[in-house]
Amino acid sequence: MKPVRAIILGYGIRGRAYSAYAKTHPDEFEIAGLADPVAEFPANAKCPTWKSWEAALDAGVDADAVVISLPDRLHHKSCLKALEKGYHVLLEKPIGCTWQECVDIAEAQKRTKRLVLTGYVLRYAPFYKKLREVIASGAIGELTSVHHLAAISYGKAAHAYCRGNWSVEAKGTGMLVNKCTHDFDLIEWWTKGKRCKKISSFGSLMHWRPENKPAGAAERCQDCPEQVRENCPFDAYKIYYDRTDLRYHFADESDEAILNMIEKSPYGRCVYACGNDSVDHQTVLMEYDGGLTIILEMESYSQQRTRITHFYGTRGEVIADEHKIEILPFLGDSTTIIPQQHGHHGGGDREIMTEFVKLVRTASPERYSAVLDAALESHRIAFLAEESRKTARTICD
Ligand SMILES: NC(=O)c1ccc[n+]([C@@H]2O[C@H](COP(=O)([O-])OP(=O)(O)OC[C@H]3O[C@@H](n4cnc5c(N)ncnc54)[C@H](O)[C@@H]3O)[C@@H](O)[C@H]2O)c1
């Protein structure tokens, strides 16, 4: 079988992550072109390149699919055009910046009968597959409630939701839709067959606000007095230079490039002077058919970047923390499972590509529609939660 040929629209972090699959699985996936206005493409790239996604889609390239790893606000237009051109799509989340944009894409998908697979990499990660298996097995009976924490970590949250791409809601989606559609998708999976009927949400931007700027702090970290910087956990030098775990956000991770980035890019701004309005923490309360209740908590100010989920059922509990799954039945012995994980997103980045190739090659138009419909549910809930937060009302479906 020939490899699936895809054009990559947006060659940033996610575009590069998906492109890597062509190197490791050349018999399955081939890059048919790369589009990005500023990214440096690999020197040995043999495919055509363009400066914009529009030019790439107008070029009439022989390809089966496109990967849309563009900024959120470009997902809607680019996905509609890709579908009309007859391409299958791997679309990064969020599907759209509003519920209406998601509906438009769903209608276009049904009309064109192409695949739109959302970048819900966690669904494909071995850890979460195992967790789903445990919950679906009935090992703890019927679920009565779930407490789910999405802990982002102060460094990653400062990077993405204060200084970076998702700091201003009007430029894309708010933090909940951007970050927690993953979590709502996992919840949709765990509660399969049940529908969320009531949603309430609370949250705000509590800390990264101008009035919390320490006395004497400057607008940028390089200009900040040493004694102020020393006492600031969000200092860009601490986050990007002293530590190295967030450097993968930048194409050049060398010390020199990172220092240059801190001095010149938005990522060197004081966290209290970023003009940001995205929330820094949010809670969502949900009630499902049959009485199941779920609490989701999204938190910026955590040490760890992780997800911790506590499931309560009529015959036991499960506690999962992205490393181990503890099963605590009321009858019989407790067990702990530690699933094997390797690769980014616990292997999800690789596994979603395997699934994408398989679906493009073998699935039916009915299956294509089912795949997108399942992904839409997480967006429906996320947008309703935002409506609840902004209107201070419980939303009943
Ligand atoms: N599935 C996940 O776990 C996950 C994780 C992070 C980000 N994302 C999503 O992936 C998308 C991309 O995020 P990212 O972190 O890779 O961002 P990024 O900024 O690193 O990459 C986006 C790229 O798009 C390019 N671009 C901008 N305008 C363009 C245009 N008109 N034509 C072509 N290219 C253009 C930019 O130059 C940039 O290189 C976002 O929608 C984000 O929400 C998903």
Side-chain angles (χ1 to χ4, degrees), residues 7-21 33-42 48-59 66-79 81-82 89-97 101-102 105 116-125 127-128 150 152 156-157 159-161 163-169 171-186 246-253 261 265-267 278 305 307 322 343-353 355-356 375 378-379 382:
I7 306 168
I8 313 289
L9 306 180
Y11 196 62
I13 298 174
R14 300 304 301 157
R16 294 195 294 274
Y18 292 127
S19 300
Y21 196 75
L34 295 166
D36 198 297
V38 294
E40 273 185 38
F41 299 123
T49 61
W50 303 272
K51 290 284 178 200
S52 76
W53 65 266
E54 290 99 328
L57 292 183
D58 284 335
V66 302
V67 173
I68 298 181
S69 38
L70 295 163
D72 299 1
R73 66 181 185 285
L74 300 178
H75 290 190
H76 176 249
K77 268 195 198 163
S78 59
C79 186
K81 184 158 177 165
V89 180
L90 172 55
L91 174 62
E92 258 308 351
K93 54 89 198 163
I95 294 170
C97 290
E101 287 190 359
C102 297
I105 288 175
V116 179
L117 181 67
T118 315
Y120 283 144
V121 287
L122 298 183
R123 256 191 196 233
Y124 304 94
F127 178 90
Y128 283 104
I152 293 159
K156 172 75 183 177
H159 172 84
Y161 302 103
R163 293 181 165 121
N165 287 349
W166 298 279
S167 57
V168 176
E169 286 193 9
K171 287 193 181 165
T173 53
M175 184 170 172
L176 188 81
V177 175
N178 182 268
K179 186 71 197 172
C180 286
T181 34
H182 271 309
D183 302 272
F184 290 120
D185 183 57
L186 293 173
L246 287 172
R247 289 194 184 186
Y248 75 90
H249 287 101
F250 305 99
D252 185 345
E253 299 185 24
M261 177 283 292
S265 84
Y267 297 103
S278 234
R305 185 167 155 197
R307 288 179 165 87
E322 296 210 309
H344 202 56
H345 284 120
D349 281 9
R350 180 186 62 251
E351 297 296 319
I352 195 174
M353 291 303 287
E355 179 71 7
F356 183 61
S378 54
H379 285 64

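Worth knowing before you read on, the calculation uses all heavy atoms, side chains too, and leaves out hydrogens, waters and symmetry mates. Remember, it's 1-based here, ligands and their atoms both numbered in the order they're listed.
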Quiz item: Would one find more than 12 heavy atoms of other residues, nucleotides or ligands at under 6.0 Å from atom NZ of Lys77?
Solution: no
Quiz item: Between CG of Asn178 and OG1 of Thr173, what distance do you get to the nearest 0.5 Å?
Solution: 4.5 Å
Quiz item: Given the rule in the salt bridge (charged side-chain N to carboxylate O under 4.0 Å, His left out) test, do Lys171 and Asp72 qualify, once you have shown the distances and angles that lead to the verdict?
Solution: CA-CA 8 Å; Lys171 287 193 181 165; Asp72 299 1; over 6 Å; no
Self-check item: Expected output: side-chain Arg247 to main-chain Glu253 donor-acceptor under 3.5 Å
Solution: yes
Quiz item: Per the side chain to side chain contact (heavy atoms under 4.5 Å, CB included) rule, which among Thr118, Leu117, Val116, Val66 passes with Leu90?
Solution: Leu117
Practice problem: Give the protein residues with at least one non-hydrogen atom closer than 4.0 Å to an atom of ligand 1, ordered by chain and number. | Solution: Gly10, Tyr11, Gly12, Ile13, Arg14, Ala35, Asp36, Pro37, Val38, Ser52, Trp53, Ser69, Leu70, Pro71, Asp72, Leu74, His75, Glu92, Lys93, Pro94, Gly119, Val121, Asn165, Trp166, Asn178, His182, His345
Exercise. Please check if any side-chain donor atom of Tyr128 sits under 3.5 Å from a side-chain acceptor atom of Glu322, or the reverse.
Key: yes
